[in-house]
Protein chains: 2
Amino acid sequence: MDAKTLCLGVLLKGPATGYDIRKAFESGPFGHFCGAGFGSIYPALHKLEKEGLIEARAGDGSKRATRKFFALTRKGETALRRELANPAPLGPDLMRSEFMFRLFFAHLMPHERIAALIAERKALYKKKLVIVEGVLSRKDCRPGERFIAEMGRDLVLTALNHLEKNAPGLLGEKD
Amino acid sequence: MDAKTLCLGVLLKGPATGYDIRKAFESGPFGHFCGAGFGSIYPALHKLEKEGLIEARAGDGSKRATRKFFALTRKGETALRRELANPAPLGPDLMRSEFMFRLFFAHLMPHERIAALIAERKALYKKKLVIVEGVLSRKDCRPGERFIAEMGRDLVLTALNHLEKNAPGLLGEKD
DNA sequence: GCGACCATGTAATCTGTTACATGATTAC
DNA sequence: GTAATCATGTAACAGATTACATGGTCGC
């Protein structure tokens with residue numbers, strides 16, 4: 001799942017600019033299981049174009065002429081399908097969370113700090129929830145996309161729930 | 001959360017070899033929110049030693065003399081505490097999942113392939129569950145560690161549950 | 001006019017992954 | 001004896017992150 005494959009995947013949903021792809025990761029349907037910044041996306045796009053897997057179309061004459069829409073070529077679609085069909089076992093789901101790393105050492109932090117971290121994280125999760133619910137409300141949401149978005153929503157709800165239910169206990173029984 | 005900080009964190013629980021640290025990520029209490037391979041751990045350990053944050057002790061005379069136990073120095077403990085106290089806002093929780101990426105495009109895959117992917121993933125999640133329950137059953141599990149392990153357990157249970165409940169729907173309504 | 005957001009791109013650096021290389025110990 | 005697990009390490013490479021650099025458009 002390098003940046004190139006990720007871009008290919010996003011473009012399967014339809015032509016998009018580099019900026020659009022970034023948004024798909026930041027606040028779109030891909031955000032809860034992968035991601036990439038501009039510094040990965042643009043180089044990836046250029047490589048894909050050179051390989052003939054995508055092609056660029058100029059922005060529609062009038063305004064914002066600077067933007068470049070990229071679209072999958074037939075070759076690109078085939079490549080992605082082949083990648084998806086690859087029977088090699090998939091890697092494990094990876095999660096990395098600075099938040100969990102910190103809370104792991106709760107016994108080394110003052111109460112207020114823990115409480116602040118948890119409050120901050122709850123706000124983040126709520127924002128995520130809004131995003132994933134936005135995805136679910138769209139009509140062009142295919143079964144697979146819906147399945148994954150619902151999984152993402154359940155996961156965020158679980159995290160939120162855990163913080164709400166168990167934070168008091170953590171703050172109370174501190175040594 | 002680079003490899004160095006991660007190692008420091010693991011060593012706060014007690015002296016360990018590079019191999020032990022790897023296990024803490026692979027099948028120990030750190031596994032569900034961070035990770036590193038040997039190729040990151042050993043160089044990190046050597047850098048930390050050079051900086052005086054950890055120190056090496058030779059293996060206990062008898063057998064397995066080749067292994068080297070690393071332990072936090074006072075300086076190292078201070079450094080970690082400072083890091084934990086750092087009030088800079090934490091980065092978001094990142095998840096990356098090849099599984100979700102694939103399932104997102106379920107409409108491009110044959111039924112059996114989807115079913116196989118889901119079955120495989122269920123097995124992985126069950127394995128994870130066993131690991132996290134092992135962590136929770138240990139007595140030396142501090143409140144923060146317990147809080148995070150319970151969060152991990154809830155998350156895995158949610159994922160498992162989602163697969164069990166919704167996979168039939170995904171397989172049924174395929175176009 | 002100004003701030004937020006749209007939009008593209010490059011370069012340096014950092015760091016992680018992968019593959020390689022080696023060898024001891026333990027349980028079957 | 002042989003396979004699994006313990007155990008440490010290096011080197012090359014790929015890749016991502018970060019910071020930089022620039023400029024247009026939209027709404028208030």
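We use all heavy atoms of the structure for the numbers below, so side chains are in, but hydrogens, waters and symmetry mates are not.
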Donor-acceptor pairs are to be reported for all side-chain atoms of residues 151-158 of chain B against protein atoms at under 3.5 Å, with residues two or more places apart or in another chain.
from, atom 1, to, atom 2, distance (Å)
T158(B), OG1, T158(A), OG1, 2.7
T158(B), OG1, D154(B), O, 2.8

R102(A): partners by salt bridge (Lys or Arg N to Asp or Glu O under 4.0 Å), with sequence neighbours left out: none
Return no unless some side-chain N or O of T17(B) is found under 4.0 Å from OP1 or OP2 of dT8(D). yes
Side chain to side chain donor-acceptor pair (under 3.5 Å) contacts in which one or both residues fall within residues 26-44 of chain B, not counting sequence neighbours: R22(B)-E26(B)
Show which side-chain atoms of residues 74-84 of chain A pair as donor or acceptor with protein atoms under 3.5 Å away, not counting sequence neighbours.
from, atom 1, to, atom 2, distance (Å)
K75(A), NZ, E51(A), O, 2.9
T78(A), OG1, R74(A), O, 2.9

Angle between the end axes of the helix from dG1(C)-dC28(D) to dC28(C)-dG1(D), five pairs per end, to the nearest 10 degrees? 50°
Residues from residues 81-95 of chain B sitting under 4.0 Å of DNA chain C, heavy atoms only? none
Partners of K127(A) by side-chain contact (heavy atoms from CB on, under 4.5 Å), sequence neighbours excluded? none
Considering residues at least two apart in sequence or located in another chain, which fulfil the salt bridge (Lys or Arg N to Asp or Glu O under 4.0 Å) criterion with D93(A)? R121(B)
Residues passing the ring pair (Phe, Tyr, Trp, His ring centres under 6.0 Å) test with F30(A), sequence neighbours excluded, are F33(A), F104(B)
Between the protein and nucleotides 9-12 of chain D, which nitrogen or oxygen pairs are less than 3.5 angstrom apart?
from, atom 1, to, atom 2, distance (Å)
dG9(D), OP1, K68(B), NZ, 3.1

Atom pairs and distances, donor-acceptor, side-chain atoms in residues 5-16 of chain A, under 3.5 Å, two or more places apart:
from, atom 1, to, atom 2, distance (Å)
T5(A), OG1, D2(A), OD1, 2.7
K13(A), NZ, E145(A), OE1, 2.7
K13(A), NZ, E145(A), OE2, 3.1

By the salt bridge (Lys or Arg N to Asp or Glu O under 4.0 Å) test, which pairs, at least two apart or in different chains, include something from residues 28-44 of chain A? none
